[in-house]
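Working notes for the structure below.
Just so you know, ligand 1 is whichever comes first in the structure, and atom 1 is the first atom listed for that ligand. Residues take their numbers from the sequence shown, with the count starting at 1.
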Amino acid sequence: MRWQGRRESENVEDRRGMSTGGQVAMGGGILGVIILVLQLFMNNGDTSNLQMPDLQQTTPSAGSTLSPEEEAEDNARASFVKVVLADTEEVWTKLFARSGAQYQAPVLVLFRDAVESACGRASSSSGPFYCPADNKLYIDLSFYQELQTRFRAPGDFAMAYVVAHEVGHHIQNLMGTSEKVQRMRGRVSQEEYNQYSVRLELQADFYAGVWAHHAQQITTADGRSIIEADDIDEALRAANAIGDDRLQKEAQGYSVPETFTHGTSAQRMFWFKKGFLTGDIKQGDTFNASTLE
Ligand SMILES: [Zn+2]
């Protein structure tokens, strides 16, 4: 992706240097209680699974002991995700305006090790996630490394896909889709709920594809598309790497389809690709699709 020197989003809270333990945690106590009460109020007491964790991280992030080289790399990755976020703002603002709506951009929170969100406390091990209760995306940049090493999905656009997927959850939040799915929790069996979850996740993949489609029109100062030849393959490789079937097979040697919450590798690639090829939000009704791939 051609991203260097391009506009970075300002909708970013950089909490990388912040401690989440000790005094900060104590200071956050009262606020934390207020948030929890608000959450209970808003969700009729159900605080389970408010956040949308997408990938479990295995390696702990480097934490506060970064060498100067690691720090420089971390900062470059921060710049990269801020540029991607700015590109999602540009595309979604345009698409919302087409239907006469105004796009409310989400905030990206960069953190290291652990973070407090309106959906609860999360550690890097829960991977990037979106919290519908505060309209924020949470990313520990060490996940970038995780994509390359554990998931063998190298290339900057693998990470751009992850950011665009989380923004996809924000779109679902704005459209009321996430709330509809959340309301099914407890009303249907866990197995059925998982199916709703899969459709929600595949739609976020579809929205990531829709974004990539329109991002092709964004150009650099010298007039070239920001999307490079290998970018879409990088995204597809990432989507392939994080399918439930593949992750379960890797972890336990077999997969259990009833427990899938994000979709298979084939489904994730299919919906990203469909979004990329059509660029049309209306084509992404995963909830009424007769087949998911
Ligand atoms: Zn997701």
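- Aromatic ring orientation, His169 versus His165: perpendicular (interplanar angle above 60°, classes split at 30° and 60°).
- Because its NZ or CZ atom is both nearer than 6.0 Å to the ring centre of Tyr193 and within 45° of the ring axis, Arg185 counts as a cation-pi partner of that residue.
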Name the atoms and distances for all side-chain donor-acceptor pairs under 3.5 Å in residues 90-109, with sequence neighbours left out.
{"from": "Thr93", "atom 1": "OG1", "to": "Glu89", "atom 2": "O", "distance (Å)": "2.5"}
{"from": "Ser99", "atom 1": "OG", "to": "Phe96", "atom 2": "O", "distance (Å)": "3.1"}

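- Under the 30°/60° scheme for interplanar angles, the aromatic rings of Tyr144 and Phe80 are found to stand perpendicular.
- Among the backbone and side-chain atoms of His262, none of the N, O or S atoms lies under 2.8 Å from the Zn ion (ligand 1).
- Not a single N/O/S atom of Glu166, whether from backbone or side chain, sits less than 2.8 Å from the Zn ion (ligand 1).
- Angle subtended at the Zn ion (ligand 1) by Glu201 OE1 and His169 NE2: 100°, rounded to 10 degrees.
- The Zn ion (ligand 1) sits nearest to atom OD1 when only the N, O or S atoms of Asp54 are considered.
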